[in-house]
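See structure below.
Note that the structure is predicted; figures quoted are calculated from it, not measured.
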Amino acid sequence: MATEAQPDVEKQPTDIVPEPTRTDRAKEAFKEQRGHVGARVKDWLATRDLDDFEIMQLAAERKQRKHDDKLAHQQRIVAEAHGRFAHAKAQAELSETGGGNLAALGGRVAAEEFKLVALQNTPVMPPTEREANSVRHGKKATRAAVIAGGGLAALPATAAAIEQAATGKPVLLAVLGTAGAYVWYLVSRPFVAGQPAPFPSTPEQLAAPVNMVKTEQTPGVREFNAPPPPALTVDELDQALRNIGEVKPNEQIQILAVPQRDGDGNTTVVFDLPPRTTVAELKKKLPRLAGALGRDASMIDIEKAGNEVRTSLWMTDRDPFESTRPSPLLAAPSQLDAWKDGVPVAWNKRGITIRLVMKDQSFVIAGMSRSGKGVGASNLVVGSSFDPRINLRIVAGKSNGEWDPYAKSGVAATYFKPDPTRLLALLKALLADKDRRERDLGALGKSKMVGPVIEQVGGLEVLVIDELATFTRPGKPLRDEILEALIELSAVALGAGILLILITQYPEADVIPGALAMNCGARWAMRVENGQQSNTILGGGQASAGRDASKFDPPRPGFGWLVNPFAGVTDLARSFDVDEDERGEITMLLEKAAKIREGAGRLAGQWDDPIECHLLNATGLSSAAGGPKRDGVPGRMVFELSAEQRQQLEACRGALKAMAEFERDVAQLDEMAEFIGGSMTADRLGELLRAAGAGSTTKVTIEGRGRVNGYRQDDVASALRFLEGN
């Protein structure tokens, strides 16, 4: 039996891999993307995207922010201290009894200001490695928190999205889906060419040094340069104090603020002296301390920084008085409150402007010829003109035009040149006005002049006497009477608002006696010939204490010892440079001051001046604004004449102009009237000339006319001089 053949079965090859499905391909791609995401997130969490320089930059910015915050905080403290001091000072002035805690508050202001200056002068150092590591760890922690917070925060949002989708409002789900897809795309991209290179992770790359030295400054990039070395070390200071005997072998000083050199090369250090001594005692040894520190006395300064032993020592590398400085009024010629804020006159060692208040003190400014006393006085007087409440009375000791600008501008209420008789009359007028002022103050319930009542009493009277020796040297006319009146004014008139500014190049006892000098609280001694003259200005014993105005080396114009009683200091100062002869600066300033005074109604002639009224009654002549010609020669002022007298004055002037035009010294009435013009007739002109004192017409000879009736030039000029008071 035949066997039936079986059909052949096709065998499948065993090595053929089935085609991956779409799902398989998606899983594989997602796996690769997860790898990229993991790598990127790992690098990001490790802050490998930030190189060392960026970390240093972030650390530097953090240090700068902390420094700025400290500075702002200290500025608020200083402002608060100033506010408390100003409030206490105002309360003390109102009560007129003084403030018991003003000294303590002032000490706190000084201490807090020093802290502020120390902060301002403290450079922000480059960040250390530890600070840079702290920044990097902080970044890591922040990023880890972002990842953790982001994952936790996504849960409620996702739940809300599902809930909205279930209710037919799948808006949030769509938004989250779109945002998530975009973020996933950003972090899952492969590391291929064109993408940012990953942060160096090999030891060789991490060990690469960062060059922090810049060969040139790049705008907007911070330089990490170390501050300059201090100009004074603690050991040098300690040794200098021991060398002058201020610190004994068994004593120590306590440094509170380490010396730091600021950008101007100045150094400030605060320290406590041993309890045995005081800051005041150290100030007496300032020249010796300067020598021990290798400096001139003008290059160091000592101040009390709170208590009796806490010392603020300031030191500079160059002479602070070497160069001149312009007056700050040239840059900002605005109205001043000379009573409260004072007048800018000079600068001190530290470059701070010195303001002298026109309050309860008279002034002496002295120095030999070319010492700069005139410039110092000009700063004080021209500055005073910017307070319209001050009535300036200027008496020149010379006949030159140094003080003429004050008259030409109308700023000087009184101005005349050497005239001892008129000076004595002026002093008596001020003494009489002192009595009137005291009565007015009594009616206002005040025992002395205070700020709120200055205008009600008639302003402040400031008498300036230049070249005092012209009137007070032995043998001068009326010397004894003038000195007696000056001494009385200096002693009793300050409370009534009458101040003196005395200027002399002969600071000797017979020119400015002790009874007068002792009543002048503010004194400025510029270069003089000897220590005795210096003591005449500054007070007995000052030269032996180191304050000797004959020892300036080198001498400089306007440089001297200044006693400022309201600041409680006697120190070196140099006056600001104001020039009239070459630059015309005083005239320019006075023009500004005149506009301020005109607006206040206080230019000469704008107000009833009791002092000039007294002088006019006593002498028959006025020196308001320097007299009729504003040149310091008293006379009859036009505004003091009656209407008829003013017409007579103009008639005389017109007649003289006519004669000058005719080029002869005689003229007839009709031709002079025709020359004057207007409504002037021959009859009216004759009437005015007769009333003025020129007399009646007389026979005169005129070429071509023979002998006719007319006037002679001398007669008309004599009448004019009478009207003008000359």
Atom pair CG (Asn530) and CG (Asp548), whose distance is rounded to the nearest 0.5 Å: 8.5 Å

Any donor-acceptor pair under 3.5 Å from Asn617 side chain to Cys613 backbone: yes

Side-chain touch Asp466/Val395, heavy atoms, less than 4.5 angstrom: no

Name the atoms and distances for all side-chain donor-acceptor pairs under 3.5 Å in residues 408-416, with sequence neighbours left out.
unit_1, atom_1, unit_2, atom_2, d
Ser409, OG, Pro405, O, 3.0
Ser409, OG, Tyr406, O, 3.3
Ser409, OG, Val411, N, 3.4
Thr414, OG1, Arg393, NH1, 2.9
Thr414, OG1, Glu612, OE2, 2.7
Tyr415, OH, Asp404, OD1, 2.6

Donor-acceptor pair, side chain of Asn519 and main chain of Ala515, under 3.5 angstrom: yes

Side-chain heavy-atom pair Ser550, Ser534 within 4.5 angstrom cut-off: no

Sidechain N-carboxylate O distance under 4.0 Å for Asp296, Lys349: no

Glu582: side-chain hydrogen bond (donor to acceptor under 3.5 Å, both in side chains) partners, not counting sequence neighbours: none

pair Asp571-Leu562: side-chain heavy atoms closer than 4.5 Å: no

Check: Arg523 side chain, Phe363 main-chain N or O, donor-acceptor pair, under 3.5 Å: no

Gap separating the CG atom of Leu500 from the CG atom of Leu494, nearest 0.5 angstrom: 7.5 Å

Donor-acceptor pair, side chain of Arg574 and main chain of Pro557, under 3.5 angstrom: yes

Exercise answer: donor-acceptor pairs, residues 332-340 side-chain atoms, under 3.5 Å, sequence neighbours excluded:
unit_1, atom_1, unit_2, atom_2, d
Asp337, OD1, Trp339, N, 3.3
Asp337, OD1, Lys340, N, 3.1
Asp337, OD1, Arg389, NH2, 2.7

Pairing of Glu308 and Lys304 as salt bridge, 4.0 angstrom limit: yes

side-chain hydrogen bond (donor to acceptor under 3.5 Å, both in side chains) partners of Asn391, counting only residues at least two apart: Glu461, Arg602

Residues that Glu508 engages under salt bridge (charged side-chain N to carboxylate O under 4.0 Å, His left out), provided they are two or more places apart: none

Close side-chain approach of Val375 to Asn379, heavy-atom, < 4.5 Å: yes

Pairwise side-chain contact, Arg325 with Asp577, heavy-atom cut-off 4.5 Å (strictly under): no

Asp510 and Arg473: CA distance, side-chain angles, deciding distance, side-chain contact (heavy atoms from CB on, under 4.5 Å) verdict: CA-CA 6 Å; Asp510 55 359; Arg473 292 189 82 174; over 6 Å; no

N/O donor-acceptor pair under 3.5 Å between Gln533 side chain and Glu529 backbone: yes

Any donor-acceptor pair under 3.5 Å from Ser623 side chain to Gly626 backbone: no

Evaluation steps, side-chain contact (heavy atoms from CB on, under 4.5 Å), between Ile354 and Asn564: CA-CA 9 Å; Ile354 298 173; Asn564 187 354; 4.0 Å; yes

Partners passing side-chain contact (heavy atoms from CB on, under 4.5 Å) against Asn400 (at least two apart in sequence or in another chain): Lys398, Glu402

Asp608 atom CG, neighbour heavy-atom count above 12 within 6.0 Å: no

Spacing of Ser362 atom OG and Leu516 atom CG [to the nearest 0.5 Å]: 8.5 Å

Contacts of Glu481 that satisfy side-chain contact (heavy atoms from CB on, under 4.5 Å) - sequence neighbours left out: Leu424, Leu478

Any side-chain heavy-atom pair of Trp561 and Phe552 under 4.5 Å: yes

Close side-chain approach of Gln505 to Glu467, heavy-atom, < 4.5 Å: yes

Carboxylate-amine/guanidinium proximity below 4.0 Å for Asp319 and Arg556: yes

Within 6.0 Å of CD in Gln606, more than 12 heavy atoms from elsewhere: yes

Ring pair (Phe, Tyr, Trp, His ring centres under 6.0 Å): pairs with one or both residues in residues 565-595, sequence neighbours excluded: Trp347-Phe576

NZ/Lys285: more than 12 non-hydrogen atoms of other groups inside 6.0 Å: yes

pair Ile390-Met358: side-chain heavy atoms closer than 4.5 Å: yes

Salt bridge present between Glu598 and Lys595 (N-O < 4.0 angstrom): no

Backbone of Ala346 reached by a side-chain donor or acceptor of Arg355 within 3.5 Å: no

Carboxylate-amine/guanidinium contact Asp435 Arg439, below 4.0 Å: no

Approximate separation, where rounding is to 0.5 Å, of Ile537 CD1 and Gln542 CD: 11.5 Å

Under 3.5 Å donor-acceptor, Thr570 side chain and Val563 backbone: no

Partners meeting side-chain hydrogen bond (donor to acceptor under 3.5 Å, both in side chains) with Asp301 (sequence neighbours left out): Arg350

Enclosure of Glu644 CD (heavy-atom neighbours >12, cutoff 6.0 Å): yes

Backbone N/O of Lys551 and side chain of Arg527: donor-acceptor pair under 3.5 Å: no

Any donor-acceptor N/O pair, Glu585 side chain to Asp579 backbone, under 3.5 Å: yes

With sequence neighbours excluded, residues passing side-chain contact (heavy atoms from CB on, under 4.5 Å) with Ala717: Leu656, Arg721

Verdict with supporting geometry, Leu615 and Leu621, side-chain contact (heavy atoms from CB on, under 4.5 Å): CA-CA 7 Å; Leu615 290 175; Leu621 304 176; over 6 Å; no

Interatomic spacing from CZ in Arg646 to CG in Leu723 - rounded to 0.5 Å: 12.0 Å

Gap separating the CD atom of Glu580 from the CG atom of Leu589, nearest 0.5 angstrom: 9.5 Å

Pairs touching residues 470-524 that satisfy ring pair (Phe, Tyr, Trp, His ring centres under 6.0 Å), sequence neighbours left out: none

Residues in side-chain hydrogen bond (donor to acceptor under 3.5 Å, both in side chains) contact with Asp440, at least two apart in sequence or another chain: Arg436

